[in-house]
Amino acid sequence: MATDHKATLVPPKRANTDYPLIDSDPHLRRVVGYARPSDYAVAGGLAAASPLAFWIMERVSPSHVGRGGFAPVMRLATAIGLVGGLHIFYQRSCNRFYGFTENSREVEMDMREMVDNVKKGEPLYGTSQVSPYLQGVAARNSRYSQLFSHVIPWINIVNHDQHGVDTAKYYQQAERELEAERLK
């Protein structure tokens, strides 16, 4: 007995935010591609803070562990800083997709990307290699996952069409642009 994948579609809950929702389950490629330079700066600062803080603590109050003791702990502090930097980088970009922080630049980028996909006749969110059922499973598992990423780091790497936004706006904008091009 075959089941229709639309029957398994669980609509995403809409969070009340001050800014428009762009995507409730952004793909990794979009999160990194839409990141702002400030995200890189904050992430780099946080990544550097951990080993820098450890180095300062060692200078202020030396542990006297000798040559072989400081280097492994410094490597650990650097690794912790890098993981923290990546986490804050991804979190800041996702917050704009969710509409939790100011996102006018990302709204414009999203509209341009999606309208271009409509004009080319391509799927809005890319093609997927997995079945529609598994696309739904992936969407349900990773939707708003960044809100809990400090406990379970979970990112969306599956292209699917369940992003919590009305996609009609992209088609309407593409139609307006194509009409304007024909009238020129």
Side-chain angles (χ1 to χ4, degrees), residues 2-44 85-149 153-184:
T3 60
D4 181 19
H5 88 279
K6 293 294 180 187
T8 61
L9 182 76
V10 175
K13 184 171 180 157
R14 191 75 190 261
N16 293 327
T17 61
D18 293 334
Y19 304 99
L21 172 71
I22 299 171
D23 195 335
S24 65
D25 189 19
H27 192 279
L28 171 65
R29 174 186 41 80
R30 294 185 78 203
V31 172
V32 173
Y34 284 39
R36 294 180 180 184
S38 63
D39 296 335
Y40 288 98
V42 169
L86 287 172
H87 180 265
I88 198 72
F89 169 83
Y90 201 80
Q91 185 72 53
R92 287 172 54 97
S93 187
C94 281
N95 283 346
R96 286 190 293 276
F97 275 98
Y98 297 155
F100 295 155
T101 57
E102 188 279 319
N103 63 1
S104 59
R105 172 185 169 267
E106 289 74 16
V107 168
E108 291 174 15
M109 290 174 69
D110 174 65
M111 183 61 78
R112 182 77 275 134
E113 178 185 2
M114 295 302 158
V115 168
D116 289 347
N117 285 347
V118 169
K119 286 181 176 180
K120 294 176 192 171
E122 297 174 353
L124 288 178
Y125 296 99
T127 56
S128 182
Q129 303 297 320
V130 299
S131 71
Y133 173 75
L134 288 178
Q135 291 176 35
V137 170
R140 288 186 296 276
N141 284 331
S142 62
R143 187 177 298 139
Y144 289 112
S145 63
Q146 276 306 299
L147 300 178
F148 202 59
S149 68
W154 198 279
I155 58 174
N156 176 25
I157 56 172
V158 176
N159 290 322
H160 57 77
D161 60 357
Q162 301 175 32
H163 293 271
V165 294
D166 183 13
T167 58
K169 63 184 176 184
Y170 304 128
Y171 292 96
Q172 291 167 354
Q173 180 65 27
E175 191 175 303
R176 283 192 294 269
E177 288 182 13
L178 289 172
E179 185 63 32
E181 289 173 10
R182 278 187 282 243
L183 294 176
K184 284 185 178 180

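We use all heavy atoms of the structure for the numbers below, so side chains are in, but hydrogens, waters and symmetry mates are not. One is the number of the first residue; the rest follow in order along the sequence.
- Smallest separation of non-hydrogen atoms from P26 and C94: CG-SG, 4.2 Å.
- Here the closest heavy-atom approach between residue G164 and residue L21 is recorded as O-CD2, 3.3 Å.
- Between F100 and Y144, the ring-plane angle classifies as parallel under the 30° and 60° cut-offs.
- Side-chain N or O atoms of D39 include none that pairs as donor or acceptor with a backbone N or O of A35 at under 3.5 Å.
- Under the 4.0 Å criterion applied to side-chain N and carboxylate O atoms, D25 and R140 are not assigned as salt-bridge partners.
- Taking 4.0 Å as the cut-off between side-chain N and carboxylate O, R143 and D23 do not count as a salt-bridged pair.
- Donor-acceptor pairing under 3.5 Å is recorded for the side chains of H87 and S149.
- Put simply, CE on M111 and CD on E106 are 14.0 Å apart, with the number rounded to the nearest 0.5 Å.
- With contacts defined as side-chain heavy-atom distances shorter than 4.5 Å, the pair N156/V158 qualifies.
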- Task: Show your reasoning for whether side chain to side chain donor-acceptor pair (under 3.5 Å) applies to S38 and R92.
- Result: CA-CA 9 Å; S38 63; R92 287 172 54 97; 3.2 Å; yes

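- When all heavy atoms are compared, the tightest approach of W154 to N141 is NE1-O, 3.7 Å.
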- Are R36 and E102 close enough, and set up right, to give a salt bridge (Lys or Arg N to Asp or Glu O under 4.0 Å), and what steps lead you there? CA-CA 12 Å; R36 294 180 180 184; E102 188 279 319; 3.0 Å; yes

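- Using a 4.5 Å heavy-atom threshold, the side chains of Y98 and Q146 count as touching.
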- Message: Quick one, F89 with V32, criterion side-chain contact (heavy atoms from CB on, under 4.5 Å). Give me CA distance, side-chain angles, the key distance, then yes/no.
- Response: CA-CA 9 Å; F89 169 83; V32 173; 4.2 Å; yes

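- Outside the 6.0 Å centre-distance limit, the rings of Y125 and H160 are not counted as a close aromatic pair.
- The minimum heavy-atom distance linking P20 with N103 is given by the pair O-ND2, 2.7 Å.
- No donor-acceptor pair under 3.5 Å is formed between the side chain of H163 and the backbone N or O of V165.
- The pair R176-E179 does not meet the salt-bridge criterion, since no charged nitrogen lies less than 4.0 angstrom from a carboxylate oxygen.
- The CG atom of L183 sits 11.0 Å away from the CG atom of L178 when rounded to the nearest 0.5 Å.
- Although no hydrogens or angles enter the test, the distance criterion places no donor-acceptor pair under 3.5 Å between the side chain of S142 and the main chain of S145.
- For the pair R112 and E177, the salt-bridge criterion is met [side-chain N within less than 4.0 Å of a carboxylate O].
- Nearest heavy atoms, G136 versus Q162: CA-NE2, 3.4 Å.
- A distance of 4.5 Å separates CG of L28 from CD1 of I155, quoted to the nearest 0.5 Å.
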- Task: Check step by step if salt bridge (Lys or Arg N to Asp or Glu O under 4.0 Å) holds for D110 and R96.
- Result: CA-CA 11 Å; D110 174 65; R96 286 190 293 276; over 6 Å; no

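- The shortest heavy-atom contact between T127 and P123 is CG2-CG, 3.6 Å.
- Between the side chains of Y170 and N117, not a single donor N or O lies within less than 3.5 Å of an accepting N or O.
- Side chains of Q91 and S93: a donor-acceptor N/O pair is absent below 3.5 angstrom, by distance only.
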- Would you please test L124 and D161 for side-chain contact (heavy atoms from CB on, under 4.5 Å) and show each step? CA-CA 8 Å; L124 288 178; D161 60 357; over 6 Å; no

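- With 3.5 Å as the limit, one finds a donor-acceptor pair spanning the side chains of E113 and Y34.
- The pair K119-E181 meets the salt-bridge criterion, since a charged nitrogen lies less than 4.0 angstrom from a carboxylate oxygen.
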